[in-house]
Amino acid sequence: MVDVKDFLRDYAKNEGLFKNKKALQSNYTPSNVPYRDEQIGQVASILAPSLRMERPSNLFLYGKTGTGKTLVIGHVLENILEVAKEEGLNLKTVYLNCKLKRVADTEYRLIAQIARELGQDIPATGLPTDEVYKLFVKCLEKEKILLLLVLDEIDEVVKNTGDKILYNLTRINSELKESEISIIGISNDLMFIDQVDPRVKSSLGEEEIVFPPYNAIQLQKILRERAELSFESKIIGEGVIEKCAAYAAKEHGDARRALELLRVAGELAERNNSEQILVKYIDNAEEKIERDRVVDIVSTQPKQFKITLFSIIQVSDEYAKKNESGDFYTGDIYEVYKNNCLSTGTKPLTQRRVGDIIAELDMSGIINARVISKGRYGRTRRISLAVPENIVKKIDLMLREGLGL
DNA sequence: CGAGATTCATGTGAAGTATACCTTTAGGCTTAA
DNA sequence: AAGCCTAAAGGTATACTTCACATGAATCTCGTA
């Protein structure tokens, strides 16, 4: 039997591999953003008028995940805020990720959340939406403010609820007498702006900046820079940086992923009492990241979604056991779903709703569900799990426990 | 044999309902002058 | 009379249901070669 106290004493005594883990965490803003000088310059010059208390143009940033959009905006805003503080300007920034479920995924919730960030108390439901707008406006008019509003992953809200929000937001300036507001939209979807109302498009996209993906060489440089902050140089094994960069370059140059790989690899090395981060830990890190991501998505899912997902796993498992062709459809899932509701004592939803839930699970990337026509045999969704076998087992257990099955 | 009609299972949109929560309003009670 | 509390009335957002119509290719039908 291992003495826990001994282990903990040991742990405390050892320094661990990390010198400073923060530099590899996703919310870290480095003082130096490599390969984005051009974009930083553009953003800065577009937003600079705010320091004369003039409203900057609305701004739109495009680029795949991990191309530094959020980072660049954060970096520039941080600097602007510092200068504004020196100058005593009443400049405020609000950053909001529109993808967050149950926080900012409808018009009401989005506006309410912005107002909350500004210190206005808004109930979760009950108010008319235009009342929330009024509160928001009132909150801005309390004193002369220039608000820079960053809406990250803005395409998500528009996909779900239409572009009315954007129209209202761009219009809000005309209602403001004292204060002004600039909107900075961030989107991963390059096609996004073509889908919105032309009026919104012209006012929102006054300025546009595209962020190209990083290539493998650039990723390596970025990794080295951060690694230097996080580790002593000899801790990183041969070829580790290169491999991280290569992995991430495959995924459309996602720097966030590259950094996460390195961090998790470091944590795994540490846990294994290794003196060095070796290439093999990166493979493990890859898997762990994916597992954590999926576990995180599944665990924050509402109950009905969990039951639905559990049913999908069950059906998929059945087919695998029988060794039949693995195709299954909405109807199959619904039958199993109803049984699962019965055994968990939950009131089953209608098939209409479960169909929507399946579509949403597809959106979250945990399953694949494509609408197909089976000709004579109708039209439905062909469903499959989008997660590797070992992770499926894990979420299966998780769900069983969570649902009491 | 092939063009067009048929068919199936469920996708999908619109409208309605239940629930939980909000503000307003009116009445009743208390309090202080 | 003014102030405060409470409960009812009237309103909303959201998640879900109900209803009704839309879909799209495999299959069927039937006229033609």
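Note on naming: letters A, B, ... go to the chains in the order of the sequence lines (proteins, then strands), and numbering restarts at 1 for each one.
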(request) Would you mind checking if Arg370(A) and Asp362(A) are paired as a salt bridge, meaning a charged N to carboxylate O distance below 4.0 Å? (result) no
(request) State whether the number of non-hydrogen atoms from other residues, nucleotides or ligands found under 6.0 Å of Asp296(A) atom CG is greater than 12. (result) yes
(request) Establish, yes or no, whether a centroid distance under 6.0 Å links the rings of Phe60(A) and Phe192(A). (result) yes
(request) Answer with base, sugar-phosphate or nothing: what part of the nucleic acid does Arg382(A) contact at a heavy-atom distance below 4.0 Å? (result) nothing
(message) On DNA chain B, does the nearest nucleotide to Gly375(A) precede the nearest nucleotide to Arg381(A) from the 5' side, or the other way round? Give the residue.
(response) Gly375(A)
(request) Round to the nearest Å and state the distance from Glu107(A) atom CD to dA13(C) atom P. (result) 9 Å
(message) Heavy-atom count check: over 12 atoms from other residues, nucleotides or ligands less than 6.0 Å from Lys64(A) NZ?
(response) no
(request) Rounded to the nearest angstrom, tell me the gap between atom CG in Asn160(A) and atom C1' in dA15(C). (result) 14 Å
(request) Nearest whole angstrom, please: distance from the P of dC16(C) to the NZ of Lys303(A). (result) 12 Å
(request) For residues Tyr133(A) and Phe136(A), establish whether the separation of their ring centroids is below 6.0 Å. (result) no
(request) Could you tell me whether Glu228(A) and Arg224(A) have a side-chain N and a carboxylate O separated by less than 4.0 Å? (result) no
(request) For Gln304(A) and dA15(C), give me the distance from atom CD to atom P, rounded to whole Å. (result) 13 Å
(request) Answer yes when Glu107(A) and Lys164(A) have at least one side-chain N-carboxylate O distance shorter than 4.0 Å, and no when they do not. (result) yes
(message) Could you tell me the boundaries of the chain A footprint on DNA chain B, defined by atoms under 4.0 Å from its heavy atoms?
(response) dT7(B) to dT23(B)
(request) In whole angstrom, give the distance that lies between atom OH of Tyr377(A) and atom C1' of dC28(C). (result) 11 Å
(request) May I ask you to evaluate whether Ser373(A) reaches the phosphate of dG24(C), defined as a side-chain N or O under 4.0 Å from OP1 or OP2? (result) no
(request) Count the heavy atoms belonging to other residues, nucleotides or ligands that lie under 6.0 Å from NZ of Lys393(A), then report whether that count exceeds 12. (result) no
(request) Specify the angle, to 10°, made by the local axes at the two ends of the helix from dC1(B)-dG31(C) to dT31(B)-dA1(C) when five pairs are taken at each end. (result) 20°
(request) Check the distance between dC16(C)'s P and Gln351(A)'s CD and give it to me in whole angstrom. (result) 16 Å
(message) Base of dT27(C), side chain of Arg376(A) - is there a donor-acceptor contact under 3.5 Å?
(response) no
(message) Taking Asp197(A) first and then Lys201(A), would you say they form a salt bridge - that is, a charged N and a carboxylate O separated by under 4.0 Å?
(response) no
(message) Whether Glu260(A) and Arg226(A) form a salt bridge (side-chain N of Lys/Arg under 4.0 Å from carboxylate O of Asp/Glu) is what I want to check.
(response) no
(message) Please check if the number of heavy atoms outside Arg256(A) that lie under 6.0 Å from its CZ is greater than 12.
(response) no
(request) Kindly say if Arg379(A) contacts the phosphate of dT23(C), meaning a side-chain N or O under 4.0 Å from OP1 or OP2. (result) no
(request) Check whether the ring centres of Phe211(A) and Tyr62(A) lie less than 6.0 Å apart, and answer yes or no. (result) no
(request) Find the distance Tyr108(A):OH to dA15(C):P and express it as a whole number of Å. (result) 13 Å
(request) Could you tell me the separation between the CG atom of Asp130(A) and the C1' atom of dG11(C), rounded to a whole number of Å? (result) 12 Å
(request) Using a cut-off of strictly less than 4.0 Å between a heavy atom of the residue and any atom of DNA chain C, enumerate the qualifying residues of residues 329-349 of chain A by number. (result) Pro348(A), Leu349(A)
(message) So, OP1 or OP2 of dT12(C): does either fall under 4.0 Å of a side-chain N or O from Thr129(A)?
(response) no
